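Please read through the structure below; I'll follow up with questions.
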Protein chains: 2
Amino acid sequence: MTKKPTIDDVAARAGVARTTVSRVLNNGPNVRDEVRDKVRTAVAELGYQVNAQARHLASGSSRQIALIHATDTEAEPNSYYHSGLELGALRACAEKGYTLVTHTANPVKEEDDRRIIDLARGGQYDGLILTPPYSDRLDLVRAIIGHGCPLVCVSAGPESQQLAPWVGIDDRAAGEALGTLLTELGHRHFAYIDGIEGHISAGMRLQGFTDALEKTGLDSTAIRVVRGNFTFKSGVELAADILGVQDRPTALVCANDDMAAGALLTAHTLGLQIPADISITGFDDTPVSEIVWPPLTTVHQPIRQLGARAVEQLVGGIQSAGEPRASVDSYVAFWVVERLSTAANRNS
Amino acid sequence: MTKKPTIDDVAARAGVARTTVSRVLNNGPNVRDEVRDKVRTAVAELGYQVNAQARHLASGSSRQIALIHATDTEAEPNSYYHSGLELGALRACAEKGYTLVTHTANPVKEEDDRRIIDLARGGQYDGLILTPPYSDRLDLVRAIIGHGCPLVCVSAGPESQQLAPWVGIDDRAAGEALGTLLTELGHRHFAYIDGIEGHISAGMRLQGFTDALEKTGLDSTAIRVVRGNFTFKSGVELAADILGVQDRPTALVCANDDMAAGALLTAHTLGLQIPADISITGFDDTPVSEIVWPPLTTVHQPIRQLGARAVEQLVGGIQSAGEPRASVDSYVAFWVVERLSTAANRNS
DNA sequence: ATCAGAATTGGGAGCGCTTCCAATTTTTGA
DNA sequence: TCAAAAATTGGAAGCGCTCCCAATTCTGAT
């Protein structure tokens, strides 16, 4: 294997200066078409590829973006959520000429917060994308911004939204839509399986949901809220507690699909008919909601689009640093998907 | 924000030469403990971080590994498989001081094969990890190796295994184990939903399965094989075809869990009792197999471990280039997990 | 023709690090 | 005690690219 050609080899072959080749490579202005072609030909003939490392060093920017995922040690929570987000981001990056690098961090380890900050400080990345619950860690967000590192928060709560660019759905409105649906179906007695603490957008869903109940004249006694951790397992366990009582609710709302799937399993185990005995809803509309039986009524969240939008937002900010950035919409549309896991309250 | 400190700042502060700092940073030999401490102190005081770009340029290696995932345009096949593999690889990379970069490619686009080769040629990555079906594209594998780029194939077929280091389970044996289980349960009439063409390891599973049938004296007329594409949807559709006939099989074997989940849905829709009317099995033991009802009998494939092992294999090869590499086991253990989707053939 | 101004090219200084090699100091062995 | 070997340091040359700035060539309006 002979040595890789460098920009100087291309320059020599094309009979121009290195600077000119660089211009062509970067689509710079002020190069005659004739010269441009000559250089392009030389590039093709030599099979030249720019050395990304050298380019990064010289230009000071790496065209790499880091995506921070939260993963607990052993749980594999929300795999569809993570991979959907990543896939969307990956494609958007490819389109924009950036490379996406995924990093995982454990939200319960404090040292990992430090690691994320180091990522921002390191200058290795042109920007960071933070997912929940990191996108709601205000100190973290401030620290990253303080180091001058471009940042976009995915599904962040209102406070984070004040600090940094963000993308997400209107979680409150989504929760409200779900609440409206269920109250219109005649339900008056609910349970809600929330997500982990510090996941503000999940909290907003609950907020919106109770808002809807209040509009129907219900108060907080109409709903029992318990805290899960977004995993299937926690859905299984918490549902056992919720559905095993005498006076069980007629509708169980879960902060994501995985927990709803777990609740479904428990309901089956208890011999309950769904949706006749209990309506169950999820959130996200990941493939899980169609895999289970009966398929879940849920809120469709365009996760891939969220990932793509985050990248666009970030790249937009990077490229127009200082200037009036072309504003990308932060809100992405959601909608309720009615499937077979919900029905009218037969007691109403 | 003041400028980032460089290695020269550290050297100046510690009162040594840049070379010495470099040695300390890279845990090189021949530095007195006293000096080492002095340098470490200076690093800490300045909050110095090495500039990865510069290091890469100077050292010629990036300590970055690329993981190639196959993703069809719109399908989100095997999300759990991909993210499990990635998570395992990610953690192993972090441990080894490498960075993992995921790239997606569309197996039906020929230009994407070219892109993968360019990744290998580019010298940007110290090595590549190929997943199916790319790990079975012999031309691709040869091209990558030909460019001198270290490579590990995940779940590759026998031919690829001849060409490059690999990790995977013994798919043939796994298929055989499943076949043995089902024949012992008295089943004699099977259907098999295979994976996409060119996914050799899925083919090996079928091979092993039929081997088991043969040992029971059954021949190829005992099994009907159809080709799916690993998605839930294809499971739904193909199962309709398989289960809708008069003389339907008593056991349906699927090349992955997603398709089995789809088959399960179709079976429900057709009003079949599972496992009384039909036994259904998956493959991989992704979370899907516990989410569906009834939970799937399947083959547990330690996917995260596979990802981690791939990285270890690759890094081992990179670091001991030329030398007798510390051989990492290519085979990872699998085992059959019996859940509720299978039962004895009641007609037997 | 003539010349200001724009467009196009090239020269060369780094970007921050690793690494070869030479210089210096310390250790070892008779 | 002293030379030879080993351990420790430093000097300096790049790695391959971008980008500032100066040099050159080309416009078009006088």
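Sequence lines set the chain letters: A, B, ... in the order given, protein chains first and strands last, and positions in each chain run from 1. Predicted model, so just to flag it, every value in this text is computed and none were measured.
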* To do: Determine the contact category for B:Thr6: base if any of its heavy atoms lies under 4.0 Å from a base atom, sugar-phosphate if only primed atoms, P, OP1 or OP2 are that close, otherwise nothing.
  => sugar-phosphate
* Could I get the full list of side chain to side chain donor-acceptor pair (under 3.5 Å) partners for B:Arg63, not counting sequence neighbours? => none
Filtered N/O pairs between nucleotides 23-27 of chain D and protein, under 3.5 Å:
none

Under 3.5 Å, sequence neighbours excluded: what are the donor-acceptor pairs made by side chains of residues 12-19 of chain B?
{"residue": "B:Arg13", "atom": "NE", "partner": "B:Glu45", "partner atom": "OE1", "Å": "2.7"}
{"residue": "B:Arg13", "atom": "NH2", "partner": "B:Glu45", "partner atom": "OE1", "Å": "2.9"}
{"residue": "B:Arg18", "atom": "NE", "partner": "B:Asp8", "partner atom": "OD1", "Å": "2.7"}

* Identify, with sequence neighbours excluded, every residue that meets salt bridge (Lys or Arg N to Asp or Glu O under 4.0 Å) alongside A:Arg55. => none
* To do: Under 4.0 Å from any heavy atom of chain A: name the first and the last nucleotide of DNA chain C that qualifies, 5' to 3'.
  => C:dA7 to C:dG16
* Among all residues two or more places apart in sequence or in another chain, which pass the side chain to side chain donor-acceptor pair (under 3.5 Å) test with B:Asp37? -> none
* With A:His103 via side chain to side chain donor-acceptor pair (under 3.5 Å) - residues at least two apart -> A:Tyr125
* Round to a whole Å and report the spacing from CZ of B:Arg23 to P of D:dT9. => 8 Å
* **Residues touching DNA chain D, which here means a heavy atom under 4.0 Å, drawn from residues 9-21 of chain B** => B:Val16, B:Ala17, B:Arg18, B:Thr19, B:Thr20
* **Spacing between A:Asn26 atom CG and D:dC19 atom C1', to the nearest angstrom** => 10 Å
* Would you say D:dC17 has OP1 or OP2 under 4.0 Å from some side-chain N or O of A:Ser22? -> no
* Structure fact -> side chain to side chain donor-acceptor pair (under 3.5 Å) filter on A:His56, not counting sequence neighbours, yields none
* Using a cut-off of strictly less than 4.0 Å between a heavy atom of the residue and any atom of DNA chain D, enumerate the qualifying residues of residues 39-64 of chain A by number. => A:Tyr48, A:Val50, A:Asn51, A:Ala54, A:Arg55, A:Ala58, A:Ser59
* Asked: How large an angle, rounded to 10°, do the end axes of the helix from C:dA1-D:dT30 to C:dA30-D:dT1 enclose when each is built from five base pairs?
  -> 30°
* Could you note down all residue pairs passing ring pair (Phe, Tyr, Trp, His ring centres under 6.0 Å) where residues 24-53 of chain A supplies at least one of them, sequence neighbours left out? => none
